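Taking it in order: structure first as structure tokens, then the write-up.
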Amino acid sequence: MENSLEILHQINWFLKPVSDFLIFLVGTNVGRVILFLSFALYFVITFVHSVNYRKSMGRNSSGYGSGFLPFQTKVYLFFRDLFNPILKIIIHLPVVLGVLLALGILVGVSEALQGTQEFFNNHKRIEQLTTVVKHLDKRYKVASVKIEKIDYVNFTTRMEIEFYGNSLTSEAQKKQSILIKGFDIYFDAMVLNFDYSGIAEGNKTNLVLPYRVFSESVPANEGIKLNYYGNDSIPLIYKREASEIYGISQDDYQKRISEFSRLIFDKEYARKMGVRSFQGNAVHKRVAEGKIYEIWIEQTGGLVLKQTEVF
Amino acid sequence: MKKTILISIIVIIVAALLINYLMPSCLKQQEQKIANLETVIQNLKKETMPLAFQISGRTDSTISFGIKFLDENGNEVSKYQQTIKGRELFFDFFNVKEGNNYLAFPDKVFSDAVSPSQGIDLKPLYEKDGFPMIYQSENISEEVRKSLIDLFATVKSGDAGNRDQFGNAVHDLDGIKTFEPGITYQIITHTKGGIEIIEK
């Protein structure tokens with residue numbers, strides 16, 4: 001498409017100025033005034049020339065002698081010079097129409113080329129914007145929580161949490177059962193959000209590390225730690241495709257850990273890498289038995305909690 | 001040869017005529033689509049800043065902080081100072097879906113040592129005649145104002161009915177990254193329900 005656009009641009013580079021000038025002359029008031037003034041100037045020059053010519057002819061002839069032109073002659077010359085061009089146009093009508101048609105075709109072709117160019121440019125812009133929307137609107141599933149039992153006597157909630165390392169596979173990587181006091185359950189995580197520019201381009205993915213669960217009656221420092229690591233001790237978030245995580249190599253575990261640590265602890269590096277914020281983030285809800293809740297990280301920033309429908 | 005040139009010219013003319021006839025409606029549709037996509041992007045990137053805070057002091061077991069509630073134009077609605085037991089400070093929001101977007105209402109402040117049920121209720125601090133002043137703006141219509149009052153009433157009751165809703169708390173991380181005294185932090189809320197803390 002780039003080539004097509006370039007060819008169209010090259011074809012139109014000389015047509016467009018001519019077309020624009022013609023449209024300016026015919027299509028704008030200033031252009032029409034210029035056309036009228038040109039005609040008036042042509043008429044004045046022709047008329048003056050005719051009058052002078054007649055005078056000089058008179059001076060050279062013996063009949064009139066003085067070169068004086070009577071008023072009726074001037075009126076005659078005035079109308080002759082005024083209607084002469086119109087008569088000439090009528091006489092040469094086929095040629096004039098041919099020229100006008102050619103100019104019309106030139107303008108039409110130029111307009112069509114411009115329209116086509118604009119169409120391709122808009123198409124490209126739509127593709128770019130659609131990609132930006134796709135990247136910004138993306139979210140990754142972090143965990144799903146199934147509420148197995150709510151005990152109103154002992155004031156406890158039992159749940160099973162499934163952790164997801166890769167949203168593309170939609171399969172849980174690890175499970176953990178939790179029993180906690182309370183019904184309003186907080187799922188706490190560390191969240192690292194990148195700037196919109198990196199997200200929109202699709203080369204950065206916000207990172208999340210779930211690390212504890214607490215509730216409305218259990219303070220965070222007494223919460224239950226989450227086992228959000230794979231069998232190889234690698235946080236599941238790193239098990240995404242390499243292309244989905246910025247700056248983290250697929251194979252080098254040490255490099256992954258140091259990269260994440262550096263993004264958190266090295267302020268300058270984080271700024272350079274486009275980290276917008278790093279924070280603790282706990283989403284919560286008063287849960288109901290049998291329901292499944294999903295925790296997602298949004299590419300626009302932060303965690304959200306969704307309740308899924310159970311059929 | 002002449003015939004080929006003539007046919008080429010006729011093809012060019014017909015193509016130009018067709019393009020000029022069809023293109024304006026195509027371009028209009030494309031421009032409409034571009035405008036829609038730009039609106040979607042603008043909406044996805046839309047942020048509101050209902051709250052700013054500063055840490056005024058810390059001990060091993062307490063955090064002193066000041067909160068400012070801000071309206072949609074960034075004007076101060078109210079201020080609040082408090083000290084709380086703990087080492088991590090949590091700002092809890094009540095997120096309710098209204099239309100396609102989430103609205104976030106500051107709900108309470110608690111800490112890692114103070115459970116959410118024992119936290120400080122923030123809602124009365126930015127409420128005026130039942131209206132959540134963080135959503136006050138110059139251009140707000142009476143209809144929107146009324147619907148926000150109704151919505152806020154459900155938020156205060158702790159249940160926004162059938163609307164999609166969840167709580168969302170943001171906090172610092174003891175031993176990793178804590179809020180530093182003297183720095184102003186702003187909490188920004190996103191239309192998709194996410195919440196972030198950024199340094200001002």
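Atom set for the values below is all heavy atoms of this structure, side chains included, hydrogens, waters and symmetry mates excluded. Below, chain A is the first sequence line, B the second, and so on; all start at residue 1. Note that the structure is predicted; figures quoted are calculated from it, not measured.
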Would you say [X] has more than 12 foreign heavy atoms packed within less than 6.0 Å of its [atom1]?
X        : atom1 : result
A:Phe21  : CZ    : no
A:Lys146 : NZ    : no
A:Lys181 : NZ    : no

At a 4.5 Å cut-off on heavy atoms, which part of [X] comes close to chain A: side chain, backbone, both, or neither?
X        : value
B:Leu173 : side chain
B:Phe90  : side chain
B:Lys85  : neither
B:His190 : side chain
B:Val114 : backbone

Do [X] and [Y] meet the criterion of a side-chain donor-acceptor pair at a distance under 3.5 Å?
X        : Y        : answer
B:Asn168 : B:Tyr102 : no
B:Ser64  : B:Ser56  : no
B:Asp159 : B:Thr154 : no
A:Thr308 : A:Glu294 : no

Donor-acceptor pair, [X] side chain versus [Y] backbone, under 3.5 Å?
X        : Y        : result
A:Asn281 : B:Val170 : no
B:Gln165 : B:Ala160 : yes
B:Asp121 : B:Lys123 : yes
A:Asp151 : A:Phe155 : no
B:Lys192 : A:Asp137 : yes

Check your understanding: Given the options B:Gly158, B:Gly194, B:Ser117, B:Ala169, which has more heavy-atom pairs under 4.5 Å with chain A than any of the others?
Key -> B:Ala169
Exercise for review: Mind ranking B:Gly86, B:Gly193, B:Gly119, B:Ala113 by heavy-atom pairs under 4.5 Å with chain A and telling me who comes out on top?
Suggested key: B:Ala113
Review point. Within 45° of the six-membered ring axis of A:Tyr196 and under 6.0 Å from that ring's centre, is NZ or CZ of A:Arg276 located there?
Key: yes
Practice item. Please say whether the positively charged group of A:Lys141, taken as NZ for Lys or CZ for Arg, lies over the ring of A:Tyr164, i.e. under 6.0 angstrom from the six-membered ring centre and within 45 degrees of the axis. Key: yes
Point to revise | Residue pair B:Phe166 / B:Phe94, side-chain heavy-atom distance below 4.5 Å | key: no
Review point. Which residues, numbered in order, of residues 5-39 of chain B come under 4.5 angstrom of chain A by heavy-atom distance?
Key: B:Ile12, B:Ile13, B:Ala16, B:Ile19, B:Asn20, B:Met23, B:Cys26, B:Leu27, B:Gln30, B:Glu31, B:Lys33, B:Ile34, B:Leu37, B:Glu38
With a 4.5 angstrom heavy-atom cut-off, is it the side chain or the backbone of [X] that approaches chain B, or both, or neither?
X        : answer
A:Lys267 : side chain
A:Ile105 : side chain
A:Ser110 : neither
A:Val218 : backbone

Check your understanding: Does anything in residues 183-192 of chain A get under 4.5 Å of chain B by heavy atoms, and if so which residues?
Key ->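 If one takes a 4.5 Å heavy-atom cut-off, the residues of residues 183-192 of chain A near chain B are A:Tyr186, A:Asp188, A:Met190.
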Practice item. Salt-bridge test for B:Glu143 and B:Lys146: reply yes if a basic N is under 4.0 Å from a carboxylate O, no otherwise. Key: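 No salt bridge links B:Glu143 with B:Lys146.
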Flag the one option from [options] with the top tally of heavy-atom pairs under 4.5 Å to chain B.
options                                : answer
A:Gly302, A:Ala112, A:Ala200, A:Gly108 : A:Ala112
A:Glu111, A:Gln114, A:Glu298           : A:Glu298
A:Lys306, A:Glu222, A:Gln299           : A:Lys306

